[in-house]
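Reviewing the structure listed below.
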Amino acid sequence: MKKIRIILVSMAAMLMVSCGTTSTVPITGRQQTLMVSDGEVLSLAKQQYQEFMKTAKASTNATNTAMVKRVGQKLATAVTNYLKNNGLASEVNNFAWEFNLVQDKQVNAWCMPGGKIVVYEGLLPVTQNEASLAIVLGHEIAHAVAKHSAEQLSTQMRQQQGLQIGTAIAGALGMGQNTQSIVQTVAALNFNFGNLKYSRNHESEADHMGLIFAAMAGYDPQVAISFWQRMSSASTSQTAEFLSDHPSDATRIKQIQGWMPEALKYYKK
């Protein structure tokens with residue numbers, strides 16, 4: 001009977017892991033399996049974006065605000081054209097582009113699924129020019145185009161299912177409650193470290209795609225190297241790369257140098 005229970009639990013595990021929709025990430029060609037739909041992700045992102053904008057203060061600098069919108073729109077046009085020209089016209093419907101500059105000293109920017117982009121004023125002294133700003137916005141837009149949020153949600157869902165299955169198997173094997181708790185703790189710890197690497201992979205993929213998006217929009221991708229060097233100098237974090245959800249600055253710059261010949265093929269002054 002115990003063996004039968006284990007077999008049944010194992011079959012359930014295989015069915016749960018096999019669920020999802022497989023798609024291909026533009027530019028990189030990486031395969032991904034998503035367990036959430038575009039509609040679900042876009043609905044959640046819209047709610048979060050609206051909540052943020054209720055408390056955010058728009059920049060009063062008209063020149064910088066216009067620059068963010070101008071650079072953002074060039075990138076949006078380039079991405080839209082790329083998707084349409086590469087058999088991905090249906091993906092265009094997932095984006096309703098919007099670009100905002102807000103009063104905040106953080107050196108940061110982000111893009112919600114659906115194309116809602118926010119730039120913090122603290123980023124502009126580091127970007128220094130439109131081309132470097134395009135590198136940042138291209139990176140953020142890439143997260144949305146590659147559906148990284150949906151992928152992260154899908155990973156978390158699979159991990160939760162895995163923990164539930166692991167507990168069921170432990171019970172079927174007759175393990176005591178203490179042993180089951182240890183198994184869950186170790187599994188959760190491994191998932192946490194796995195997610196950090198997962199996030200670093202996404203950051204690198206966004207760097208790659210964003211570099212090409214910026215080039216498509218008419219911005220020199222070579223400015224990315226000097227920009228990330230400035231970011232490195234401005235950074236106060238000394239977190240070891242294997243404990244971080246972002247690549248180290250040195251790793252990031254080396255990767256960008258490797259992608260540069262590909263990006264330059266898309267660049268027209």
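All values below were derived from every heavy atom in this structure, side-chain atoms included, with hydrogens, water molecules and symmetry-related copies excluded. Quick caveat, the model's predicted, so the values are computed rather than measured. This chain uses plain numbering: 1 for the first residue, then up along the sequence.
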*Have N129 and Y219 got a donor and an acceptor in their side chains that come within less than 3.5 Å?*
no

_Flag if over 12 foreign heavy atoms under 6.0 Å of NZ, K69_ = yes

*E40 and S37, any side-chain heavy atoms less than 4.5 Å apart*: yes

*asked:* For a quick check under 3.5 Å, do Q103 and E121 share a side-chain donor-acceptor pair by atom type?
replied: no

*asked:* Test your reading of the model: is there a side-chain donor-acceptor pair from R230 to the backbone of V126, 3.5 Å cut-off?
replied: yes

*Side chains of H148 and E205: donor-acceptor distance under 3.5 Å anywhere?*
yes

*Measure across A144 and M112 and return the closest heavy-atom pair with its distance rounded to 0.1 Å.*
CB-O, 4.0 Å

*Establish, from distance only, whether the side-chain atoms of T24 and Q32 form a donor-acceptor pair under 3.5 Å.*
no

*Is there a chain of hydrophobic side chains (I, L, V, M, F, W, Y, each step under 4.5 Å between heavy atoms) that links V102 to V107?*
no

*asked:* Let me confirm one number: the CG-OG distance from L137 to S132, rounded to the nearest 0.5 Å.
replied: 11.0 Å

*Are L123 and M53 connected, step by step, through hydrophobic side chains (Ile, Leu, Val, Met, Phe, Trp, Tyr) whose heavy atoms are closer than 4.5 Å?*
no

*Relative to the ring of H139, is the ring of W228 parallel (under 30°), tilted (30 to 60°) or perpendicular (over 60°)?*
perpendicular

*asked:* Would you say that V145 contacts E91 through its side chain, given a criterion of any heavy-atom pair below 4.5 Å between the two side chains?
replied: no

*asked:* Just so I know, are the side chains of T33 and S154 near enough to count as touching, which here means a heavy-atom distance under 4.5 Å?
replied: no

_A side-chain contact here means heavy atoms from C-beta on lying under 4.5 Å apart; do L133 and V68 qualify?_
yes

*For Q255 and S204, test the side chains for any donor-to-acceptor distance below 3.5 angstrom and give the result as yes or no.*
yes

*Can you name the closest pair of heavy atoms from T65 and L101 and give their distance?*
N-CD2, 3.7 Å

*Hey, what's the ring geometry for F52 with Y120, parallel, tilted or perpendicular (30° and 60° as the breaks)?*
parallel

*asked:* Between V41 and F95, is there shared hydrophobic-cluster membership here, with clusters defined by ILVMFWY side-chain heavy atoms closer than 4.5 Å?
replied: no

*Examine the side chains of T77 and T80 and answer whether a donor and an acceptor come within less than 3.5 Å of each other.*
no

*Would you mind checking if E203 and R200 are paired as a salt bridge, meaning a charged N to carboxylate O distance below 4.0 Å?*
no

*Would you indicate whether the side-chain heavy atoms of E262 and H208 approach each other to under 4.5 Å?*
yes

*asked:* Angle between ring planes, W110 versus Y49, binned at 30° and 60°: parallel, tilted or perpendicular?
replied: perpendicular

*Answer yes when D104 and K57 have at least one side-chain N-carboxylate O distance shorter than 4.0 Å, and no when they do not.*
no

*Any chance you could lay out the side-chain hydrogen bond (donor to acceptor under 3.5 Å, both in side chains) test for S199 and Q152, step after step, and finish with the verdict?*
CA-CA 8 Å; S199 295; Q152 290 279 12; 3.1 Å; yes

*Looking only at non-hydrogen atoms, find the nearest pair between C111 and I117 and report the distance.*
SG-CG1, 3.5 Å

*Kindly compute the distance separating CD1 (I256) from CG (D207), expressed to the nearest 0.5 Å.*
4.5 Å

*Check whether any side-chain heavy atom of K46 sits under 4.5 Å from a side-chain heavy atom of K116, and report yes or no.*
no

_Is it the case that the side chain of D220 and the backbone of V223 share a donor-acceptor pair, with hydrogens and angles ignored and the cut-off at 3.5 Å?_
no

*asked:* Tell me whether F99 shares a hydrophobic cluster with V118, the cluster being built from Ile, Leu, Val, Met, Phe, Trp, Tyr side chains joined at under 4.5 Å.
replied: no

